[in-house]
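Reviewing the structure listed below.
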Amino acid sequence: MNVLLIGSGGREHALAISLVKSPHLTKLFIAPGNPGTAQAGENVVVDIADHSAVVNFCRLMRIELVVVGPEQPLVDGLVDTLEAAGISAFGPTKAAARLEGSKAFTKELCRRYAIPTADFERFDDRKHALDYIRARGAPLVVKADGLAAGKGVVVADTLAEAEAAIGSMFAGAFGSAGAEIVVEERLDGEEVSFFALCDGTRALPFASAQDHKRVGDGDTGPNTGGMGAYSSAPVFTPDMKARVMREIVAPTIDAMAREGTPFKGVLFAGLMLTKDGPKLIEFNTRFGDPETQVMLPRLESDLLSLMQQCARGKLTTDAVRLLDETALTVVMAADGYPGTPKKGTEIRGVEKAERMPHVIVTHAGTRRDGKRLLADGGRVLNVTALAPNLAEARRRAYAAVDAIDWPEGFCRRDIGWRALERV
Ligand code: AMP
Ligand code: GLY
């Protein structure tokens, strides 16, 4: 079958590598893709914001499944348009993507269906929000309701920080995403990401991962989209997985079906493992980046057929088969990230790193200029290694990082530290 993959990051390169392994794949197209995905399929120029252009492309190329990587097209209703045109898609409809697109929607759902999450209140005006936080006191977490590229969350240790966050959100710092805000209690514990495949009525555990959000070693400095990750997360034991499926994932899938907005695709639960048990921090309605880069190298099952089953609403597979190995990825970013990254600098040695055993290099923000590979974004490359254990995966990944010659790039040198301390 012909498949169209939407997106252009390291996540999409990792998805492309897995999709082309499928015996059911005829041809993979990626829109817009990147120099990495070009090695797995054909990059195509289709304006993904123009949903009818996507439908026309699918008809022309006889696409049987569209896999949507990032959240924006989901929240914009691309899957609705495709399904209305009779084209099968992996990913939720616009109504179901509210699990990611609106924090207030998700918090209300949790409240109605007793899904464990931080206590919260919603506000659409500054004065009531300020009165509330002054009465309640810090620490608090202030969140813009809508999509804000991961930047609309302020964990405030002091009342002054919470007041400043509320001030800037209502002053339009996140545009319409901040027209409504959610104020939450701060949860304490270890964070973990858990992914489940869903067909509208059923959820199947996929894999767990932990990422490193801060830019600097020792988890210091500003937040980023993620500087590295590993899978599985040792803290996420089989008992914890069963509990999260029972207390959080299954009730959410049931609730969404009952509300008439069944969820199909991958549900990404950002969890805090608190002393009172696992609590939901947030849902995303797509694969994580860079979590996908460490989950997929472990996947033995056929990704394409799993996705197709979800899209058709008939998830018949009993269990996702994963290698009992650990994958670890190191993100290489351009100097300046997460501020303004330096673009256009040359990267050498990627082929050398790729030839190292058990190493996969995925492209996140690169472009080609003739034979030269140039940096073209903040997070630029993901260097992933697979090994029987975390320490060895880390050693292999950093050996490959060191084979890459890119003076204007940087990476964290301590990916995996928390899990290594645990063993
Ligand atoms: P979110 O975009 O909702 O995942 O939030 C981004 C990050 O903020 C999370 O990964 C957590 O590190 C932190 N965070 C969000 N909500 C809370 C909370 N209620 N308590 C503690 N930390 C939080
Ligand atoms: N790594 C976090 C995310 O994909 O949202």
Side-chain angles (χ1 to χ4, degrees), residues 7 9-12 14-15 68-72 74-75 97 99-107 110 115-121 133 136 138-157 161-162 165 169 174 177-178 181-195 207-215 219-231 233 266-276 278-296 329 331 333 338 362 364 378-379 382 415 418:
R11 163 183 54 208
E12 284 74 25
L15 287 167
V68 185
E71 62 275 19
Q72 194 67 54
L74 298 170
V75 169
L99 283 176
E100 174 161 3
S102 168
K103 296 194 188 291
F105 170 83
T106 300
K107 297 300 283 191
C110 289
I115 295 163
T117 189
D119 276 344
F120 74 100
E121 289 299 331
I133 63 160
R136 201 180 152 129
L140 284 169
V141 183
V142 181
K143 300 185 175 183
D145 176 64
L147 290 184
K151 299 192 179 83
V153 174
V154 175
V155 181
D157 292 324
E161 284 172 74
M169 283 180 198
F174 300 106
I181 66 163
V182 171
V183 178
E184 293 183 7
E185 74 173 308
R186 190 186 70 192
L187 299 173
D188 292 309
E190 192 164 334
E191 276 187 70
V192 63
S193 301
F194 176 60
F195 296 78
S208 69
Q210 273 180 305
D211 77 347
H212 293 261
K213 289 196 168 62
R214 303 296 193 97
V215 74
D219 293 334
T220 55
N223 264 329
T224 69
M227 293 301 291
Y230 45 91
S231 175
V266 59
L267 188 64
F268 165 176
L271 303 166
M272 188 73 88
L273 306 182
T274 75
K275 64 176 174 27
D276 304 321
K279 293 197 182 184
L280 180 72
I281 298 175
E282 65 159 359
F283 280 130
N284 296 307
T285 59
R286 45 151 181 101
F287 277 109
D289 191 340
E291 290 87 343
T292 306
Q293 289 85 312
V294 286
M295 296 193 299
L296 292 183
T329 193
V331 171
T362 44
R379 293 188 292 171
N382 317 122
I415 300 304
R418 198 186 295 274

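Every number for a ligand or one of its atoms is a count from 1 in the order of the listing. Source: prediction; values computed, not measured.
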Of all the atoms in ligand 1, which lie at a distance below 4.0 Å from a heavy atom belonging to Lys213?
10 (O)
Proximity winner for atom 10 (O) of ligand 1, if only heavy atoms of Glu191, Lys103, Arg186, Glu100 are counted:
Glu191
Indicate the atoms forming the closest heavy-atom contact of Asp145 with Ala104, along with that distance.
OD1-N, 2.8 Å
Per-atom contacts of ligand 1 with Lys143, taking only distances under 4.0 Å to non-hydrogen atoms
3 (O), 15 (C), 16 (N)
Closest non-hydrogen contact found for Met295 with Phe287 is CE-CD2, 4.0 Å
Could you please spell out the steps behind the salt bridge (Lys or Arg N to Asp or Glu O under 4.0 Å) verdict for Arg11 and Glu291?
CA-CA 8 Å; Arg11 163 183 54 208; Glu291 290 87 343; over 6 Å; no
Nearest non-hydrogen atom to atom 6 (C) of ligand 1 belongs to which of Val182, Asn223, Val153?
Val153
I want to check something: taking the side chain as every heavy atom from C-beta on, are Thr106 and Leu280 in contact at a cut-off of under 4.5 Å?
yes
Logged contact type for Glu282 with ligand 1, heavy-atom cut-off 4.0 Å, is side chain
Nearest atoms (heavy-atom pairs only) where Met227 meets Ile415:
O-CD1, 3.6 Å
Looking only at non-hydrogen atoms, find the nearest pair between Val331 and Gly226 and report the distance.
CG2-O, 3.5 Å
Which parts of the protein, at residue level, reach under 4.0 Å of ligand 2 through a heavy atom?
Asp211, Gly225, Phe268, Asn284, Arg286, Gly288, Asp289, Pro290, Glu291
In sequence, state the C-alpha distance, the side-chain angles, and the governing distance for Val153 and Lys103, and then conclude on side chain to side chain contact (heavy atoms under 4.5 Å, CB included).
CA-CA 11 Å; Val153 174; Lys103 296 194 188 291; 4.2 Å; yes
Any Lys/Arg nitrogen of Asp219 or Lys213 sitting under 4.0 Å from an Asp/Glu carboxylate oxygen of the other?
no
Salt-bridged, Arg136 to Glu121, with N to O below 4.0 Å?
no
Closest heavy-atom approach to atom 14 (N) of ligand 1 among Val155, Val154, Leu140, Leu187 is made by Val155
I'd like to know if Met272 contacts ligand 1, where contact means a heavy-atom distance under 4.0 Å to any ligand atom.
yes
